[in-house]
Amino acid sequence: MAVPAQADALIDNVNGITLDEDGDVIHFTGLLMTTDGRITKLLGRKDKRPEKLDWRTDMHGKVMLPGFVDAHGHIMDLGFRSMELDLSDTHSLAEAQAKIAAYAEANPERTWILGGGWDQEKWGLGRFPTAAELDAVAGDRPVALTRIDSHAVWVNSAALKAAGITPATKAPPGGRIENGILTDAARLMIMQAVPQPLARERDLAFIQAQQMLLSKGITATADMRTTLDDWLVYRRVADKNLLRIRILSYADSIQTANRAAGGSPSPWLYDDKLKMGGVKLFADGALGSRGACLKAPYADAPKQSGQCLLTDAQLKNLMSRAAMDGFQVAVHAIGDKANAEALDAIEAVSDTYKGDRRWRIEHAQIVDPADLPRFGKGSIIASMQPIHALSDRTMAEARLGPGRLAGAYAWHSMLENKVPLAFGSDYPNDDFNPFHGWVAGFTRADGAGQPFGGWQPQERITREEAWRAYTMGGAYAAFAEDRIGRLAPGLWADFIIVDADPLLATASDLWNMQVEQTWVGGKMMWKRQ
Ligand SMILES: [Zn+2]
């Protein structure tokens, strides 16, 4: 067989598995690439290897897969959270209080105690924790601890004082202040009082996050709320040649998009490792804190139906402004009403902004079954997080009641309606191990098979469909399918080496799959020590 002239590096003797353009599985045993990391050819067992090569390496039969693309994450939040107090492993309020007290004692130099990951549902508390319960363990130092879903913050009296919040203070529209808990729009009142991190602290947080993501086999990730400061971190790190993962950036506002990228999406920068291509908008909050905007009241709070954060006119206006400058629009919508409003707005503006726009709805968690076909009709991308179905199921049942789960976390229905599906994890708000999300996608259960038979198992998709959503789906959702998402000639050699064949593994083995190496652009960027 003729060998292309530019093929000058060979990774040989692999058990290579990827999907092709149509999502069908293909196998190969060697990967030829240019020395700058673009794939030129996949070789089968019988294909002749070129004789003249700049370098070659032998993988001794190990399994090679395309790198995962996480379609929805928050890089800087992940980095900062890894350096702050982490309460995600606490199972009771008392356990959390003990951990807070120990952290305060171990970190006397910190003027604020920051952290997050708590979940009163997991604690079995049946209510939110209070300021007094923090005062009891943290004393006079301000403390601000973000809930697992990032939609609420728990503070003590010192933090309230530092932020100038008194019992007379009114919460801003779209937020609530209650006994030391500030939700959604009210969170900002605290966050503005927290001292800003230094540039070098930001860079350090980024490097931490990058390592964590690469170690789980994620070679590209959407960054779903890039601030101007975040963008400067990515540029600084890349200028020092330390950017090792691909970032598909969605600005936190139209202002940021214009200030960071200019009046149109940025080009692909640093060998396709960074691009600001879109803007993230918010239609509502989260289900856990009852901020998700529902068509009917919450089953467990009959006087509340959540908050739609933007009026129909505001949403359309923001979408138009983004689309006018060529930015892609990603709308956060969790509740069925927020999803319906996002669909209304997209349908209204797509008459004006035609062409391949790839409107995205982030989470699309609770969708009225009547609205599902609208995703397909508009080719609107459903950017969903399979792991949420496991972490949220008890909470979702409580919030919605049994009668309203038909369009909840409805991946199968999305595919039935020909909706482009992109999977991610919404890290650091949930477990970002893509093997966990993959298993959740086709079993609706965890690695231990819980709950037995899967939660709402009619919404399972196949193993290959879930894999596709976590690789090609994420690439397509960011206009990057001509660069990443699978292994094929012309695309970047972004791949991982793992310890077993994921298509033959049991769900439990797939859940526990270990990444041994992570390569981005033909370079090894992470290796298990
Ligand atoms: Zn998010």
Side-chain angles (χ1 to χ4, degrees), residues 68-82 88 116-117 119 146-153 174 183-185 187-188 191 205-206 209 212-213 218 220-227 230-231 247-253 256-257 276-293 306-307 309-310 318 328-335 338-339 342 359-367 381-392 395-396 409 421-434 436-437 440 469-470 473-474 477-478:
F68 290 97
V69 180
D70 191 313
H72 185 122
H74 305 282
I75 301 172
M76 295 308 297
D77 291 350
L78 179 66
F80 281 122
R81 196 170 291 181
S82 75
S88 63
D119 180 356
T146 305
R147 193 182 182 278
I148 182 82
D149 65 1
S150 290
H151 286 270
V153 61
T183 66
D184 292 307
R187 287 176 313 135
L188 273 185
M191 293 315 166
F206 173 80
M212 293 165 77
L213 295 167
I218 296 166
T221 176
D223 187 43
M224 269 298 158
R225 205 169 49 215
T226 309
T227 66
D230 298 345
W231 181 254
I247 302 175
L248 316 159
S249 159
Y250 292 77
D252 68 339
S253 64
T256 300
M276 181 176 280
V279 177
K280 164 95 175 284
L281 303 174
F282 277 88
D284 66 347
L287 199 60
S289 47
R290 297 194 189 86
C293 187
Q307 287 146 332
L309 301 175
L310 298 168
L318 288 171
Q328 190 188 8
V329 175
V331 188
H332 165 117
I334 295 211
N339 274 281
W359 308 94
R360 298 175 58 141
I361 295 190
E362 300 305 309
H363 311 304
Q365 238 166 49
I366 315 300
V367 179
I381 292 159
S383 166
M384 304 178 77
Q385 299 75 36
I387 198 72
H388 283 1
L390 304 185
S391 39
D392 288 0
M395 179 272 289
Y409 311 80
L421 195 58
F423 273 174
S425 65
D426 199 15
Y427 67 80
N429 305 321
D430 213 327
D431 173 4
F432 60 87
N433 184 329
H436 296 180
Y470 231 124

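Atoms within each ligand, like the ligands themselves, are counted from 1 in listed order.
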(message) Pair His363, His72 - check side chain to side chain contact (heavy atoms under 4.5 Å, CB included), show working.
(response) CA-CA 9 Å; His363 311 304; His72 185 122; 3.5 Å; yes

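- Residue-level check: among N/O/S atoms of His74, NE2 sits closest to the Zn ion (ligand 1).
- Closest non-hydrogen pair, Ala286 versus Asp149, comes out as CB-OD2, 3.5 Å.
- Using modelled atom types, no side-chain atom of Ser150 and backbone atom of Thr146 make a donor-acceptor pair closer than 3.5 Å.
- Sorting the N, O or S atoms of Asp426 by how far they are from the Zn ion (ligand 1) puts OD1 first.
- None of the N, O or S atoms belonging to His363 lies under 2.8 Å away from the Zn ion (ligand 1).
- Ring geometry for Phe68 versus Tyr470: interplanar angle over 60°, hence perpendicular rather than tilted (30 to 60°).
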